[in-house]
Chemist: 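Structure incoming, see below.
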Amino acid sequence: MPERPLWRQVFDAVDRRVAGPVEAGARSDVFADALALAWRVQRRLRREAERQSARALHLLNLPAAADVRRLSRQVAALQREVRELSRERER
Amino acid sequence: MPSLAASDLRERVERDVRRALLRGRNGLRYAAGTSRAKVGQTPKDVVWRRHKAELWRYRNEAEVRFTPPVVVVHSLVSRSYVLDLHPGNSAIAFLLGQGLDVFLLDWGVADEADSGNTLETYVDEYLPAAIATACEAAGTEEVTLLGYCFGGVLALIGLARHPELPVRNLVLMATPVDFAGMSGVTALAREGRLDPDDVLDDTGNVPPEAVEGAFRLLKPTAEAAQYANLWQNLWNDAYIEGYQAMAQWTRDHVPFAGAAFRQTVEHLVRGNELVTGDLVLSGRRVDLGVITCPVLNVMAEKDHIVPLPAAEPLIRLVGSDEADELRLRAGHVGLVAGRSAAKVTLPGIADWIKADSEPTEGT
């Protein structure tokens, strides 16, 4: 068996002690609720930041990411319609 | 003997200096990102394509000695090159070397146009067409279907909804059926703490970062251990190559189509309907009991993504008389990549497939 350097032995010993409690923490109810809340808050904050930056860009008559997204949503909708039409044709 | 000890010491110092130099060189290369892993190297041809989904046929430079061909169904959330990581560590290359004709159904990278893809899109539209193409390309009437992870779920649902599909054998690897046995973010969704819509991004899909984050949460300290392994083996070129390929894969997820994700959470995770038998898709009940072909359920005992309790019940749910299990002391990825895969998993799977296959004419 290849020898393990001292630093690795120390790391493994710490890992053995820490991994269990950290994993248990990640599975706990408190963490679960915090994570779900963080996800929601992050989503809202991102939307708010985008809304504000879009307002500023629109003042300068520049397109914002939201405008590009609206366009790509329309392209995607068209793609879906084409797919649906080709499915109907195949039936 | 002092002279021996001195030579030992000198050898050790020389080795450590040599390794330190190699560590420095490899570390710089790694940090600069100049030596990216070359993944998915086995030559292949696209034999079928629909929207983002593609069916690849790998070129068998040896000889195809068994029929029917194997159609691998990959997961919806990860890159399929985990099955063909790099030369010397490729499940696909191994199966080819066993004389099998190998196809892989890759779902591609879902974007906004695919956000409306439901489970039916994959199991009713893409899967049957891909199987038909594989039969046609190989000149056979049947295939062996091999599903990995969520690809196994799709293979199961597809076969249950279409028992007429020409599938001779079904192999499922790390396939969750009892979602009550899943932990992490799946448990959050099951308990209603996480709403599927909270995870979807503006494209209507689950972003790859969320998928990656969900996997990381299952073993929060794993990344630190990986870096420790990297530092310890940074002098070893072969190790670095394998590490980079695997590290690239673990950070390289694909978006989960939003509609299919909602169905997965509602029916499979919260309702656990594969086990209860209540799964209804497009007005038709999905009964795993109608699957009667030989089934092999391959499970990894150290799998933290699909733990044993999530994969074990499969044998009881299918209607096959010949339903076998293969349990291995490996992790989720260790089933398909790495030393244990090459030594245990893949030979076991290949032997099982070959036992239920026939030699091709002329062999």
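Not measured: the values here are computed from a predicted model. Residue numbering restarts at 1 for every chain, and letters A, B, ... go by the order of the sequence lines.
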Chemist: Would you mind telling me which of B/Val185, B/Val199, B/Leu200, B/Asp201 has the largest number of heavy-atom pairs within less than 4.5 Å of chain A?
Modeler: B/Leu200
Chemist: Which residue out of A/Asp15, A/Asp29, A/Val75, A/Leu35 racks up the most heavy-atom pairs below 4.5 Å with chain B?
Modeler: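 Result: the option with the highest number of such pairs is A/Asp29.
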Chemist: Taking atom CG of A/Leu37 and atom CZ of B/Arg193, what is their separation to the nearest 0.5 Å?
Modeler: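 Reported to 0.5 Å precision, the distance equals 12.5 Å.
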Chemist: Looking at residues at least two apart in the chain, or sitting in another chain, which of them share a side chain to side chain contact (heavy atoms under 4.5 Å, CB included) with A/Leu78?
Modeler: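 Expected list: none.
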Chemist: Under 4.5 Å heavy-atom distance to chain B, tell me which part of A/Arg69 shows up: side chain, backbone, both or neither.
Modeler: both
Chemist: With chain A as the partner, which of B/Asp202, B/Leu218, B/Asn229, B/Asp111 has the greatest number of non-hydrogen pairs under 4.5 Å?
Modeler: B/Asp202
Chemist: Between atom CD of B/Gln232 and atom CZ of A/Phe11, what is the distance when rounded to the nearest 0.5 Å?
Modeler: 10.0 Å
Chemist: Does CZ in B/Arg339 sit with more than 12 non-hydrogen atoms of other residues, nucleotides or ligands closer than 6.0 Å?
Modeler: no
Chemist: Listed by residue number, which members of residues 203-210 of chain B have a heavy atom under 4.5 Å from any heavy atom of chain A?
Modeler: B/Ala210
Chemist: Can you list everything that forms a side chain to side chain contact (heavy atoms under 4.5 Å, CB included) with B/Asp195? Sequence neighbours excluded, please.
Modeler: B/Asp197, B/Asp198
Chemist: With only heavy atoms counted, which part of A/Glu90 is less than 4.5 Å from chain B, the side chain, the backbone, both or neither?
Modeler: side chain
Chemist: What part of B/Ala222 is in contact with chain A, defined as an atom under 4.5 angstrom from a non-hydrogen atom: side chain, backbone, both or neither?
Modeler: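 No part of it gets close to chain A.
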Chemist: Does any backbone or side-chain atom of B/Leu217 lie under 4.5 Å from a heavy atom of chain A? Answer side chain, backbone, both or neither.
Modeler: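 Contact with chain A is through both the backbone and side chain of B/Leu217.
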Chemist: Please determine whether the number of non-hydrogen atoms from other residues, nucleotides or ligands lying under 6.0 Å from atom CH2 of A/Trp39 exceeds 12.
Modeler: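 For A/Trp39, atom CH2 is crowded (more than 12 foreign heavy atoms under 6.0 Å).
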Chemist: Rounded to the nearest 0.5 Å, what's the gap from CZ on A/Arg87 to CD on B/Glu125? Could you check?
Modeler: 4.0 Å
Chemist: What part of B/His51 gets closer than 4.5 Å to chain A, counting heavy atoms only: side chain, backbone, both or neither?
Modeler: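 Its backbone and side chain both get close to chain A.
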Chemist: Below 4.5 Å, heavy-atom pairs only: which of A/Val18, A/Asp12, A/Asp33 has the largest tally toward chain B?
Modeler: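 Highest number of pairs under 4.5 Å: A/Asp33.
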Chemist: Name the region of B/Ala187, side chain, backbone, both or neither, that has any atom closer than 4.5 Å to a heavy atom of chain A.
Modeler: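 When you check distances to chain A, no heavy atom of B/Ala187 falls under 4.5 Å.
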Chemist: Using a strict 4.0 Å threshold on nitrogen-to-oxygen distance, state whether A/Arg80 and B/Asp114 make a salt bridge.
Modeler: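 Looking at B/Asp114 together with A/Arg80, the answer is no, because their closest N to O distance does not fall below 4.0 Å.
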Chemist: Which region of A/Glu23, side chain (C-beta onward) or backbone (N, CA, C, O), has a non-hydrogen atom less than 4.5 Å from a non-hydrogen atom of chain B, or is it both or neither?
Modeler: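 Both backbone and side chain.
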Chemist: Contact part of A/Arg73 toward chain B, heavy-atom cut-off under 4.5 Å: side chain, backbone, both or neither?
Modeler: both
Chemist: Determine the minimum heavy-atom distance between B/Ala225 and A/Arg8, stating which atoms define it.
Modeler: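 Answer, listing the atom of B/Ala225 first, then A/Arg8: O-NH2, 4.2 Å.
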Chemist: Can you confirm whether B/Glu136 is buried at CD, in the sense that more than 12 heavy atoms of other residues, nucleotides or ligands lie under 6.0 Å from that atom?
Modeler: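 No - once you tally the heavy atoms of other residues, nucleotides and ligands closer than 6.0 Å, there are 12 at most.
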Chemist: Among A/Ala77, A/Ala26, A/Ala36, A/Ser72, which residue forms the greatest number of heavy-atom pairs with chain B at distances under 4.5 Å?
Modeler: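 Answer, by heavy-atom pair count under 4.5 Å with chain B: A/Ser72.
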Chemist: Give, for atom CZ of A/Arg83 and atom OG1 of B/Thr121, the distance between the pair rounded to the nearest 0.5 Å.
Modeler: 8.5 Å
Chemist: Can you tell me which residue pairs pass the side chain to side chain donor-acceptor pair (under 3.5 Å) test with a partner in residues 9-24 of chain B, sequence neighbours excluded?
Modeler: A/Glu3-B/Arg12
